[in-house]
Amino acid sequence: NMLWGGRAHYASDVLPRSRTFQQYGDQIEQCLQACKKHGLEVHVWKVNWNLSGAPADFVRKVHAEHRNQVSVDGQAHDWLCPSNPDNQRLELASMLEVAQNYDVDGLHFDYIRYPDRTKCYCDGCRQRCEPHRGSEVKDWPQTCYSGELQAEYTQWRCDQITQLVKAVHEQAKRRRPSIQISAAVF
């Protein structure tokens, strides 16, 4: 577990470097040295979207830029919104940074989903979903949460996740053809 939505335990140029990195050094490099010595593969695990443990200034910036998830009842949450293009780029860049800079055998997605069905209904999701469907969503967000557009919105949300996984897979394989891609799902 080397990176989250807002922190990295290695020398990242993409994500804020964690206290663990500051105190103990590059955790991926140390892991690689230990594992390769014993013939073990290294699959770097990323907790996607989740901002737990991220520096407070990074979380404040995400909220100020309206890149965080919002629940159906309008409450802000410390998770990156998967439909936000800046967040998609951040997740992609952080995972590709690992594939590019370290001799890892795999990249592992965790939390490659929304935290639950009640999130994300931010204004950005509405602004991105409406052009996709070709018409305005009336009675936002209830129509998408429990109304006639629930199935359509659920699929649109799934498509946001698939888009990131596909991009990481394709681009990581171009950089390192032997790299394995895996995910924790339920």
Side-chain angles (χ1 to χ4, degrees), residues 1-35 42-104 106-128 157 160-161 163-165 167-169 171-172 175 179 181-186:
N1 184 351
M2 298 291 178
L3 60 162
W4 289 60
R7 64 183 160 132
H9 299 312
Y10 62 93
S12 178
D13 293 326
V14 177
L15 293 170
R17 296 175 182 185
S18 70
R19 287 186 195 140
T20 299
F21 171 81
Q22 300 299 339
Q23 187 172 0
Y24 300 107
D26 190 318
Q27 298 300 288
I28 295 179
E29 188 57 44
Q30 291 174 42
C31 181
L32 282 165
Q33 287 176 14
C35 290
V42 175
H43 295 249
V44 172
W45 170 10
K46 173 154 192 190
V47 179
N48 298 95
W49 315 118
N50 189 323
L51 295 174
S52 295
D57 60 333
F58 184 81
V59 175
R60 279 192 298 276
K61 180 180 182 234
V62 166
H63 282 262
E65 294 172 354
H66 307 287
R67 294 172 40 208
N68 59 290
Q69 290 191 33
V70 174
S71 63
V72 69
D73 64 2
Q75 298 298 309
H77 291 273
D78 292 344
W79 281 60
L80 296 169
C81 170
S83 79
N84 183 295
D86 290 335
N87 294 342
Q88 286 264 340
R89 282 189 287 276
L90 178 66
E91 292 289 284
L92 175 64
S94 66
M95 294 186 85
L96 293 179
E97 176 181 56
V98 171
Q100 182 72 37
N101 296 340
Y102 297 93
D103 185 21
V104 299
L107 296 174
H108 180 76
F109 289 94
D110 193 10
Y111 282 87
I112 189 61
R113 59 177 172 80
Y114 292 75
D116 59 50
R117 192 174 94 65
T118 67
K119 300 168 196 75
C120 181
Y121 296 86
C122 69
D123 291 339
C125 280
R126 182 180 190 175
Q127 293 164 4
R128 289 180 283 276
R157 287 163 36 112
Q160 306 312 301
I161 302 302
Q163 179 179 309
L164 174 64
V165 172
V168 169
H169 178 265
Q171 293 182 44
R175 286 168 171 76
I179 200 163
I181 307 296
S182 61
V185 297
F186 68 88

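Looking at Ile28 and Val98, their side chains come closer than 4.5 Å, going by heavy atoms from C-beta outward. Contact check for Met95 versus Asn48: side-chain heavy atoms found under the 4.5 Å cut-off. Between Phe109 and Ser182, every side-chain heavy-atom pair lies at or beyond the 4.5 Å cut-off. A 4.5 Å side-chain heavy-atom check between Gln171 and Leu92 finds at least one atom pair inside the cut-off.
Sorted by first and then second residue, the ring-ring contact (aromatic ring centres under 6.0 Å, His included) pairs involving residues 55-78 (not counting sequence neighbours) form an empty list. Within the structure, salt bridge (Lys or Arg N to Asp or Glu O under 4.0 Å) pairs that include any residue of residues 3-15 comprise Asp13-Arg17 (at least two apart or interchain). Residues in residues 88-98 take part in these salt bridge (Lys or Arg N to Asp or Glu O under 4.0 Å) pairs, two or more places apart or across chains: Lys46-Glu91, Asp86-Arg89.
Here Ala93 pairs with Val14 under the side chain to side chain contact (heavy atoms under 4.5 Å, CB included) rule; sequence neighbours left out. A search for side chain to side chain donor-acceptor pair (under 3.5 Å) contacts involving Thr20 returns nothing, not counting sequence neighbours. Evaluation of the salt bridge (Lys or Arg N to Asp or Glu O under 4.0 Å) rule for Arg67 yields Glu65 as partners, not counting sequence neighbours. The salt bridge (Lys or Arg N to Asp or Glu O under 4.0 Å) search around Asp57 returns none, not counting sequence neighbours. Evaluation of the ring-ring contact (aromatic ring centres under 6.0 Å, His included) rule for Tyr102 yields Tyr10 as partners, not counting sequence neighbours. Checked against side chain to side chain donor-acceptor pair (under 3.5 Å), Asp103 has the following partners two or more places apart in sequence or in another chain: Arg176. Qualifying side chain to side chain donor-acceptor pair (under 3.5 Å) partners for Asp73, counting only residues two or more places apart in sequence or in other chains: Ser71. Shown here are the ring-ring contact (aromatic ring centres under 6.0 Å, His included) partners of Tyr111, two or more places apart in sequence or in another chain: Trp79. Every residue two or more places apart in sequence or in another chain was checked for a side chain to side chain donor-acceptor pair (under 3.5 Å) with Gln75, and none qualifies.
For the residue pair Asp110/Trp45, the side-chain donor-acceptor check at 3.5 Å is satisfied.
Crowding of Arg19 atom CZ: a count of heavy atoms from other residues, nucleotides or ligands under 6.0 Å not exceeding 12.
Without hydrogens or angle criteria, Arg113 side chain to Pro115 main chain gives a donor-acceptor distance under 3.5 Å.
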